[in-house]
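The basis for the numbers below is simple: all heavy atoms, side chains too, and nothing from hydrogens, waters or symmetry mates.
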Amino acid sequence: MKYLILYAENDKSLAELYIDDFHDNGYDVIWAKNGPEAVILYKEHTPDIDLVLLDIEMPGLDGYQVAEKIRRNDPDTPVIFLTLLSGSDHVIKGLDMGADDYIHIDIDKKEVFARIRRAIRRYSEKHNPIVNITPDTYLDAASRTLSSCGYSEKLSFRDSNLLRLLVSNKNKPQKREWVISLIWKENINGKEYMNKSISNLRKLMSKDEKIQLMANRGDSIVLIVCE
């Protein structure tokens, strides 16, 4: 499944860079070149839009005004500000307008996409808590119950987070250190806990021949799903 992002950014060169990255990460994108166009495109394509990504300093309507118009009738679709504006006053105003996150554009792009995935995942789970992996394996994200080939077991919070992360990036190797930093944060035993989670998930999904959870101990981890 491809997710659809409405991206409002009036800087063409910056927008083109991010649009390429969105496509490389498996997203479809609708680009709005200014605030009024963002509102028009949002109305035309809702409810197919999975996330709205807004710059703040745009002509016609700024990002705050666009967010306000969206939130009048839509309290759920994730809205994230991606902007050069820094400072707590801007962040507070953006969050008070109903945004789910406020990202300064200078941060690492990996973190930008991690935050986008998190916002979309939370929205998806709220409206459809079932994460289908194969016809025989699925995760009920609301209860953290993994069902595979007739067997079900409730996962720990972090095992569930790891599986959701791998499913959202299926067939794409993920750096171990990056995954650990997202799920286990600064825990000094993160590597050990991750190995236990991998072992547990492998065991639970072992009867499904369409799934392989592969881990290179020193480098990457990937969930391979045969379509």
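For Pro36 against Pro59, the heavy-atom pair with the smallest separation is CD-O, 3.4 Å. The two residues Tyr123 and Asp76 come nearest to each other via the heavy atoms CD1-O, 3.5 Å. When all heavy atoms are compared, the tightest approach of Gly190 to Trp184 is CA-CB, 4.0 Å. The two residues Trp178 and Ala114 have their closest heavy-atom pair at CZ2-CB, 3.9 Å. Annotation for Arg115 and Asp101: closest pair CD-OD2, 3.0 Å, computed over non-hydrogen atoms. Here the shortest heavy-atom pairing between Met205 and Leu146 reads CG-CD2, 3.9 Å.
Of the inter-residue distances, the one linking Lys196 atom NZ with Leu162 atom CG reads 14.5 Å to the nearest 0.5 angstrom. Atoms OG and CD, from Ser220 and Gln174 in turn, are 9.0 Å apart once rounded to the nearest 0.5 Å. Between the CD1 atom of Ile56 and the OH atom of Tyr64 there is a distance of 3.5 Å, given to the nearest 0.5 Å. Here the CE atom belonging to Met58 is positioned 7.5 Å from the CG atom belonging to Asn34, to the nearest 0.5 angstrom. Rounding to the nearest 0.5 Å gives a distance of 12.0 Å between CG of Asp100 and CD1 of Ile116. Rounded to the nearest 0.5 angstrom, Asn195 CG and Lys191 NZ are separated by 9.5 Å.
With salt bridges taken as basic N to acidic carboxylate O contacts below 4.0 Å, one links Lys175 and Asp219.
When atom types are taken as modelled, the side chain of Ser160 and the backbone of Ser156 share no donor-acceptor pair closer than 3.5 angstrom. Within the 3.5 Å criterion, the main-chain N or O of Leu14 finds a donor-acceptor partner in the side chain of Asp11.
Annotation: side chain of Trp31 is in contact with side chain of Lys12 (closest heavy-atom distance under 4.5 Å). Contact annotation: the side chain of Val167 never approaches that of Arg164 to less than 4.5 Å [non-hydrogen atoms, C-beta and beyond]. Using a 4.5 Å heavy-atom threshold, the side chains of Leu163 and Ile133 count as touching. The shortest distance between side-chain heavy atoms of Asp50 and Tyr27 does not fall below 4.5 Å. Put simply, the side chain of Leu223 does not reach to within 4.5 Å of the side chain of Asn171, judged on heavy atoms. Residues Leu155 and Leu139 meet the side-chain proximity criterion, which asks for heavy atoms closer than 4.5 Å. Proximity of Tyr3 to Arg117: side-chain heavy atoms (C-beta onward) are nowhere separated by under 4.5 Å. Counting heavy atoms from C-beta outward, Glu57 and Asp62 have side chains that stay 4.5 Å or more apart.
Annotation: Phe113, atom CZ; neighbour count of heavy atoms from other residues, nucleotides and ligands within 6.0 Å is above 12. Environment of CD in Glu177: sparse, with no more than 12 heavy atoms of neighbouring residues, nucleotides or ligands closer than 6.0 Å.
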Please walk me through it: do Val29 and His23 pass side chain to side chain contact (heavy atoms under 4.5 Å, CB included)?
-> CA-CA 8 Å; Val29 186; His23 290 156; 4.1 Å; yes
Full working for side chain to side chain contact (heavy atoms under 4.5 Å, CB included) between Phe22 and Leu53 | CA-CA 12 Å; Phe22 289 136; Leu53 192 64; 3.4 Å; yes
From CA spacing to verdict: side chain to side chain contact (heavy atoms under 4.5 Å, CB included), Ile221, Val179 | CA-CA 9 Å; Ile221 176 173; Val179 174; 4.2 Å; yes
Residue pair Ile49, Tyr42: steps toward the side chain to side chain contact (heavy atoms under 4.5 Å, CB included) verdict = CA-CA 8 Å; Ile49 293 170; Tyr42 171 79; 3.9 Å; yes
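In this structure, Ile180 is a member of the same hydrophobic cluster as Ile183, with clusters built from ILVMFWY side-chain heavy atoms closer than 4.5 Å. A continuous path of ILVMFWY side-chain contacts below 4.5 Å connects Val112 to Ile19, so both sit in one hydrophobic cluster. Ile70 and Ile120 are assigned to two separate hydrophobic clusters, defined by single-linkage of ILVMFWY side chains at heavy-atom distances under 4.5 Å. Both Val52 and Val39 belong to a common hydrophobic cluster when Ile, Leu, Val, Met, Phe, Trp and Tyr are linked at side-chain heavy-atom distances under 4.5 angstrom. Cluster annotation: Leu4 is connected to Leu41 through the hydrophobic network of ILVMFWY side chains, with a link wherever side-chain heavy atoms come within less than 4.5 Å.
Checked by atom type, the side-chain pair Thr77/Asp74 shows a donor-acceptor distance below 3.5 Å. Between the side chains of Ser148 and Asp208, no donor-acceptor pair of N or O atoms lies under 3.5 Å. Tyr151 and Glu153 share a donor-acceptor pair across their side chains, judged by distance under 3.5 Å alone. Remark: the Thr46 side chain and the Asp48 side chain contain no N/O donor-acceptor pair separated by less than 3.5 Å.
Taking the centre and axis of the six-membered ring of Tyr18, the NZ or CZ atom of Lys109 falls inside the cone set by 45° and 6.0 Å.
The one candidate from Met97, Lys93, His90 that meets the side-chain contact (heavy atoms from CB on, under 4.5 Å) condition with Tyr102 is His90.
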